[in-house]
S.K.: 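Before I ask anything, here is the structure I am working with.
Both ligands and their constituent atoms are indexed starting at 1 by order of listing. All values below come from the heavy atoms of this structure, side chains included, with hydrogens, waters and symmetry mates left out.
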Amino acid sequence: MEIKKLRRTMLFCPATNPTMYIDAQMYKPDCLLFDLEDAVRYDEKDLARDLLAEALKSLSFGDIEVFARINPLYTEFGEADVRALVPAGLRRMRLPMCEKVEQVKELDALLTEVERAYGIEEGSCKIQCSLETPLGVWNALDLATASPRVISISFGAEDYTRLLGVDRTKDASELQFARQRVVNAAAIAKVDAIDTVWADFKDIDGFINEVKYARQIGFAGKSCIHPSQVGQVHDVFTPKMEDVEKSLVIIEAAEKAGIEKGGVVQVNGKMVDIPVIDKARRIVGLAKAAGLIK
Ligand SMILES: CC(C)(COP(=O)(O)OP(=O)(O)OC[C@H]1O[C@@H](n2cnc3c(N)ncnc32)[C@H](O)[C@@H]1OP(=O)(O)O)[C@@H](O)C(=O)NCCC(=O)NCCSC(=O)C[C@@](O)(CC(=O)O)C(=O)O
Ligand SMILES: [Mg+2]
């Protein structure tokens, strides 16, 4: 199975801080996520947008997939963000506080207009819906399938717990429903699900527990707020060599037995059938995308 793009890490960088976001490339996240929304003061929104537009025009980010978290279109800044950043080169945007299909369609239509005006390939600008309200989480599947531009959905626990009127706790039981709804919707829509940020970046054990849990239940990656989190997330989301080797053995055995389309064999005392073969292929695909094997 070919994994086209790893999104294990999305490192948030406030777009008002050029030094920080030039340096951010050194930490080699899979994705950089320049923030124009909550990390930017209200009176610096225009400045942040201008700085980011200049950076997009003048800097190269190599293999890193560049996203911007624009302001919602219902604010006075959202449309201006799109109109300035797409011509400057932005092709990926996170839409915060995303709750209704109409909001995705509104952004879709604006992107089409801007793409046409600037001769940019139609449909090349992609959307990540940020589900961080009870309604957004509830509508996860509708949002994930609202437009062919949607490539990913992300979960935002800080706003979600604020709106639920609860504390965000380390055992995270208050997030269980939302997380499972988000990963289930992403699996149906065949898009990536990205888990929420962990603000207490000095609590490494707590963070790693949460990252392991996110991977276990089906997230493809995690939003990060501090560079120290990038390597920690990559460690968890990159398959272990031992698992890659086991997967290669399974694939080889399946090919030898001719059971890729049905049938069953045993490998090292365990049953191997189509779901097991598919899972093995996914692990090998992830290992290849991460450069672990050729
Ligand atoms: C927390 C802090 C101020 C700490 O900085 P400090 O500088 O005090 O930390 P230090 O440890 O001293 O940094 C050591 C060195 O790393 C550099 N450095 C630090 N962070 C870096 C970085 N991110 N990128 C590149 N470089 C970085 C720094 O410049 C220094 O470089 P140098 O001086 O050269 O040594 C900083 O990290 C930061 O601003 N983070 C991003 C915050 C942000 O974007 N929040 C919004 C997104 S969440 C949200 O909105 C909730 C959500 O919406 C989420 C959702 O929906 O998903 C929801 O509802 O849940
Ligand atoms: Mg938020």
S.K.: I'd like to know if the side chain of K45 reaches the main chain of L36, judged simply by a donor and an acceptor atom lying under 3.5 Å from each other, with no hydrogens or angles considered.
M.R.: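 Indeed, once roles are kept as given, a pair shorter than 3.5 Å links the two residues.
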S.K.: Of the backbone atoms (N, CA, C, O) and the side-chain heavy atoms from C-beta on, which set of S130 has a member under 4.0 Å from an atom of ligand 1: side chain, backbone, both, or neither?
M.R.: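 S130 to ligand 1: side-chain contact only, backbone stays beyond 4.0 Å.
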S.K.: Between E210 and K222, is there a salt bridge with N-O shorter than 4.0 Å?
M.R.: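 Salt bridge flag = yes for E210 with K222.
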S.K.: Pick, from M10, R69, E37, the option with the minimum heavy-atom distance to atom 50 (O) of ligand 1.
M.R.: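 Looking at heavy atoms only, R69 sits closest to atom 50 (O) of ligand 1.
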S.K.: Tell me, which N, O or S atom in E132 is closest to the Mg ion (ligand 2)?
M.R.: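 Minimum-distance N/O/S atom of E132 relative to the Mg ion (ligand 2) is OE1.
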S.K.: Using a strict cut-off of 4.0 Å, indicate which atoms of ligand 1 neighbour a heavy atom of A157.
M.R.: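 Taking each heavy atom of A157 in turn, ligand 1 has 60 (O) under 4.0 Å.
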S.K.: Out of curiosity, is P14 lining ligand 1, as in a heavy atom under 4.0 Å away?
M.R.: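 Yes, P14 has a heavy atom closer than 4.0 Å to ligand 1.
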S.K.: Got a salt bridge between E121 and R91, using NZ or NE/NH1/NH2 to carboxylate O under 4.0 Å?
M.R.: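 Here E121 does not pair with R91 in a salt bridge, since their nearest N and O are not under 4.0 Å apart.
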S.K.: Does atom 47 (C) of ligand 1 have a protein non-hydrogen atom under 4.0 Å from it?
M.R.: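 Flag for atom 47 (C) of ligand 1 set to true, protein heavy atom closer than 4.0 Å.
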S.K.: With V233, which of V211, L11, T238 fulfils side-chain contact (heavy atoms from CB on, under 4.5 Å)?
M.R.: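 Testing V233 for a side-chain contact (heavy atoms from CB on, under 4.5 Å) against V211, L11, T238 leaves exactly one candidate, V211.
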S.K.: Kindly indicate whether atom 33 (O) of ligand 1 is approached by any protein heavy atom to under 4.0 angstrom.
M.R.: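 Given the 4.0 Å cut-off, atom 33 (O) of ligand 1 does not count as touching protein heavy atoms.
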S.K.: Answer yes if the side chains of T9 and Q229 hold a donor-acceptor pair under 3.5 Å, and no otherwise.
M.R.: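 Side chains of T9 and Q229: no pair found under 3.5 Å.
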S.K.: So, D273 side chain and G263 main chain: donor-acceptor pair closer than 3.5 Å or not?
M.R.: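 A pair under 3.5 Å: no.
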S.K.: Taking the side chain as every heavy atom from C-beta outward, state whether Y21 and F12 have any pair of such atoms under 4.5 Å apart.
M.R.: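 The answer is no, as the side chains (C-beta and beyond) never meet within the 4.5 Å cut-off.
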S.K.: Counting only heavy atoms, tell me which of M97, E158, R94, H226 gets closest to atom 57 (O) of ligand 1.
M.R.: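 Among M97, E158, R94, H226, the closest heavy atom to atom 57 (O) of ligand 1 comes from R94.
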S.K.: Looking only at heavy atoms, is any part of D35 under 4.0 Å from ligand 1, and if so is it the side chain, the backbone, or both, or is it neither?
M.R.: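 For D35, only side-chain atoms sit under 4.0 Å from ligand 1.
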S.K.: Regarding atom 45 (N) of ligand 1: of the candidates C224, G156, S154, A39, which has the closest heavy atom?
M.R.: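 Comparing heavy atoms across C224, G156, S154, A39, the nearest one to atom 45 (N) of ligand 1 lies in A39.
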S.K.: Counting only non-hydrogen atoms of the protein, does one fall under 4.0 Å from atom 8 (O) of ligand 1?
M.R.: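 False for atom 8 (O) of ligand 1.
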S.K.: Taking backbone and side chain together, does D159 place any N/O/S atom at a distance below 2.8 Å from the Mg ion (ligand 2)?
M.R.: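 Short answer: yes, at least one N, O or S atom is under the cut-off.
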S.K.: I need the atoms of ligand 1 closer than 4.0 Å to a non-hydrogen atom of C13, numbered in the order shown.
M.R.: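 Selected atoms, number and element: 24 (N), 25 (C).
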S.K.: Against heavy atoms of E132, which atoms of ligand 1 measure under 4.0 Å?
M.R.: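 Contacts of ligand 1 toward E132, numbered from 1: 52 (C), 53 (O), 56 (O), 58 (C), 59 (O).
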S.K.: How about R149 and T112: does a side-chain donor come under 3.5 Å of a side-chain acceptor?
M.R.: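 Yes - a donor-acceptor pair under 3.5 Å links their side chains.
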S.K.: How close does the nearest protein non-hydrogen atom get to atom 1 (C) of ligand 1, and which residue and atom is it?
M.R.: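 Minimum-distance protein heavy atom for atom 1 (C) of ligand 1 reads F201 CE2, 3.7 Å.
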S.K.: Does Y160 approach ligand 1 within less than 4.0 angstrom via side chain, backbone, both or neither, non-hydrogen atoms only?
M.R.: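 None of Y160 does.
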S.K.: Please check if the side chain of K261 supplies one atom and the backbone of G258 the other of a donor-acceptor pair under 3.5 Å.
M.R.: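 No, K261 side chain to G258 backbone: no donor-acceptor pair under 3.5 Å.
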S.K.: Any ion pair linking E132 and R94 (charged N to carboxylate O, less than 4.0 Å)?
M.R.: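 Looking at E132 together with R94, the answer is no, because their closest N to O distance does not fall below 4.0 Å.
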S.K.: What I want to find out is whether R162 reaches D159 closely enough, with some N-O distance under 4.0 Å, to be called a salt bridge.
M.R.: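 So R162 pairs with D159 through a salt bridge.
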S.K.: Quick check: does any side chain N or O of E99 sit under 3.5 Å from a backbone N or O of T133, one acting as donor and the other as acceptor?
M.R.: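 Here the side-chain-to-backbone pair does not exist.
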S.K.: Out of F155, Y27, F12, whose heavy atom is nearest to atom 23 (N) of ligand 1?
M.R.: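 It is F12 whose heavy atom sits nearest to atom 23 (N) of ligand 1.
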S.K.: Flag atom 30 (C) of ligand 1 as yes if some protein heavy-atom distance to it falls below 4.0 Å, otherwise no.
M.R.: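 No, because not a single protein heavy atom sits under 4.0 Å from atom 30 (C) of ligand 1.
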S.K.: Would you confirm whether any non-hydrogen atom of the protein falls under 4.0 Å from atom 11 (O) of ligand 1?
M.R.: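 It does; a protein heavy atom is within 4.0 Å.
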S.K.: Where does M20 meet ligand 1, judged by heavy-atom distances below 4.0 Å: at the side chain, the backbone, both, or neither?
M.R.: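 The answer is both, backbone and side chain.
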S.K.: For atom 59 (O) of ligand 1, which of the options V230, D159, L163 provides the nearest non-hydrogen atom?
M.R.: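 It is D159 whose heavy atom sits nearest to atom 59 (O) of ligand 1.
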S.K.: For the Mg ion (ligand 2), does an N/O/S atom of D38 lie at less than 2.8 Å?
M.R.: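 Of the N, O and S atoms in D38, none lies under 2.8 Å from the Mg ion (ligand 2), which means no.
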S.K.: At under 4.0 Å between heavy atoms, is it the side chain or the backbone of Y21 that contacts ligand 1, or both, or neither?
M.R.: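 Within the 4.0 Å criterion, Y21 makes no contact with ligand 1.
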S.K.: Counting each atom of ligand 1 from 1 as listed, which ones have a heavy atom of A24 under 4.0 Å away?
M.R.: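 What qualifies from ligand 1 is 25 (C).
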S.K.: Would you call the rings of W198 and F207 parallel, tilted or perpendicular, taking 30° and 60° as the class edges?
M.R.: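 W198 vs F207 ring planes: tilted.
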S.K.: Verify the contact flag for atom 3 (C) of ligand 1, where contact means a protein heavy atom under 4.0 Å away.
M.R.: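 Under 4.0 Å from atom 3 (C) of ligand 1, zero protein heavy atoms found.
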S.K.: Apply salt bridge (Lys or Arg N to Asp or Glu O under 4.0 Å) to the pair K105 and E102, showing each step before the final yes or no.
M.R.: CA-CA 5 Å; K105 293 208 180 292; E102 301 82 76; over 6 Å; no
S.K.: Salt-bridge test for E122 and R116: reply yes if a basic N is under 4.0 Å from a carboxylate O, no otherwise.
M.R.: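 Yes, this pair counts.
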